[in-house]
There are 2 protein chains.
Amino acid sequence: MYSKELLKGTLTAIILKLLAEHDRMYGYQIAQKVKKLSDNKILIKEGSLYPALHKLKEDGLVSIETVNIGKRIRRYYSLTPKGEIAKNDKISEIEDFLATIMKVLSFKPLIQFA
Amino acid sequence: MYSKELLKGTLTAIILKLLAEHDRMYGYQIAQKVKKLSDNKILIKEGSLYPALHKLKEDGLVSIETVNIGKRIRRYYSLTPKGEIAKNDKISEIEDFLATIMKVLSFKPLIQFA
DNA sequence: CAAAGATACATAGAATTACGATGTATTGCA
DNA sequence: TGCAATACATCGTAATTCTATGTATCTTTG
């Protein structure tokens with residue numbers, strides 16, 4: 001729905017934030033959650049999601065538990081302490097950025113019910 | 001200051017918005033204006049700005065007046081009617097996107113004095 | 001019960017966009 | 001006089017997401 005460039009830089013923050021709220025989640029579940037939270041406006045593609053998760057693992061921000069569901073595998077991701085810190089940093093950065101961009105574009109406050 | 005990825009997709013909108021408010025502006029002036037409005041947080045680089053302006057011209061969203069200031073040239077950009085429409089579209093998209101991302105990240109409303 | 005759609009993972013290459021580096025030149029100021 | 005600021009420009013690089021493709025299982029429905 002949105003020009004895909006707008007999403008750039010937000011994917012990692014979104015994943016970290018969701019993991020911070022859910023103990024553990026698997027990839028497909030994360031994509032569905034974002035879809036629902038955004039009213040179908042943000043559709044994370046598999047080609048973005050899985051490489052992003054692998055990167056988080058590589059950077060030590062998440063740990064993985066692989067679970068067998070019948071004959072299918074499911075990889076659960078959880079935040080590490082390092083990931084928790086990274087999450088806070090990322091969220092702060094985005095919060096600041098959003099405030100700045102709203103100011104530059106002289107937007108009125110957007111009332112949000114979280 | 002921000003991870004440069006966050007800025008992606010916003011540059012064109014910022015330029016169009018400023019031009020909509022100023023009749024005409026030149027490149028360097030736009031960069032300074034954004035710097036000031038953002039409290040030095042968004043620093044548009046020349047390598048981004050000039051190609052972006054050329055693209056807008058190519059797409060018929062702006063017109064150019066070249067003016068000689070002493071021995072130096074200055075290119076003033078103005079919104080065309082087509083640019084005015086594009087501006088509205090871009091701004092709406094960003095407004096919607098910001099609301100969505102705030103919802104997904106469950107941010108409280110950011111009070112903004114525009 | 002077969003087919004279609006949803007679940008669930010993965011990767012490789014393409015597209016987009018901003019930036020860094022570099023270049024040229026004039027103007028203002030300490 | 002020399003450095004910073006003004007003012008334009010281009011080229012190649014980096015970063016990130018997407019499209020396309022692949023594999024496989026499970027569930028729902030006509």
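Sequence lines set the chain letters: A, B, ... in the order given, protein chains first and strands last, and positions in each chain run from 1. Since the model is a prediction, treat every value here as computed from it, not as a measurement.
- Candidate nucleotides C/dT11, C/dC19, C/dT17 were compared by shortest atom distance to the side chain of A/E5, and C/dT17 ranks first.
- For A/Y50 and C/dC9, the shortest distance from a side-chain N or O to OP1 or OP2 is below 4.0 Å.
- Residues B/K82 and B/D59 are not paired through a salt bridge, judged by the lack of any N-O separation under 4.0 Å between the basic side chain and the carboxylate.
- A/N68 CG: more than 12 foreign heavy atoms inside a 6.0 Å radius.
- Atoms CD1 (A/I44) and C1' (C/dA8) sit 15 Å apart, rounded to a whole Å.
- Nucleotide C/dA6 holds its C1' atom 15 Å from the CD1 atom of A/I69, rounded to whole Å.
- The footprint of chain A on DNA chain D, defined by a heavy-atom cutoff below 4.0 Å, extends from D/dT16 to D/dC26.
- Each of B/L7 and A/P51 has a nearest nucleotide on DNA chain C; the 5'-most of these lies closest to A/P51.
- In this structure, B/L98 and A/M102 have side chains that are in contact, with non-hydrogen atoms separated by less than 4.5 Å.
- You'll find the side chain of A/I73 stays beyond 4.5 Å of the side chain of A/V67, heavy atoms only.
- Among the protein residues, B/K71 comes within range of the sugar-phosphate backbone only, with heavy atoms under 4.0 Å from sugar or phosphate atoms but none that close to a base.
- Here C/dC19 presents its C1' atom at 18 Å from CE of B/M1, a figure rounded to the nearest Å.
- Heavy atoms of other residues, nucleotides or ligands lying less than 6.0 angstrom from NZ of B/K41 number more than 12.
- Closest-nucleotide positions on DNA chain C for A/R75 and B/R72 were compared, and the one nearer the 5' end corresponds to A/R75.
- Residues A/K17 and B/S106 bring a donor and an acceptor atom of their side chains to less than 3.5 Å of each other.
- The separation between A/E46 atom CD and C/dA12 atom P is 16 Å, rounded to whole Å.
- Within the 4.0 angstrom heavy-atom criterion, base atoms lie near B/G47.
- No side-chain heavy atom of B/I42 sits under 4.5 Å from any side-chain heavy atom of B/K35.
- The NZ atom of B/K55 sits 10 Å away from the P atom of C/dA18 (whole-angstrom rounding).
- Residues forming a ring-ring contact (aromatic ring centres under 6.0 Å, His included) with B/Y26 (at least two apart in sequence, or on another chain): B/Y76.
- Position along DNA chain D of the nearest nucleotide to A/G70 versus A/A52 favours A/A52 as the more 5'-ward residue.
- The existence of a salt bridge linking A/R75 and A/E65 is excluded, since no basic side-chain nitrogen approaches an acidic carboxylate oxygen closer than 4.0 Å.
- Checked for salt-bridge contact, B/K55 and B/E58 miss the test: no charged N lies under 4.0 Å from a carboxylate O.
- Looking at residues 9-37 of chain A, you'll see A/G9, A/L11 sit with a heavy atom under 4.0 Å from some atom of DNA chain D.
- Nucleotide C/dC19 holds its P atom 9 Å from the CG atom of B/L43, rounded to whole Å.
- Across the protein-nucleic acid pair, B/I42 atom CD1 and C/dT17 atom P stand 17 Å apart, rounded to whole Å.
- A/K8 comes within contact range of at least one nucleobase, with a heavy-atom separation under 4.0 Å.
- For A/I64 and C/dA8, the CD1 to P distance is 16 Å, given to the nearest whole Å.
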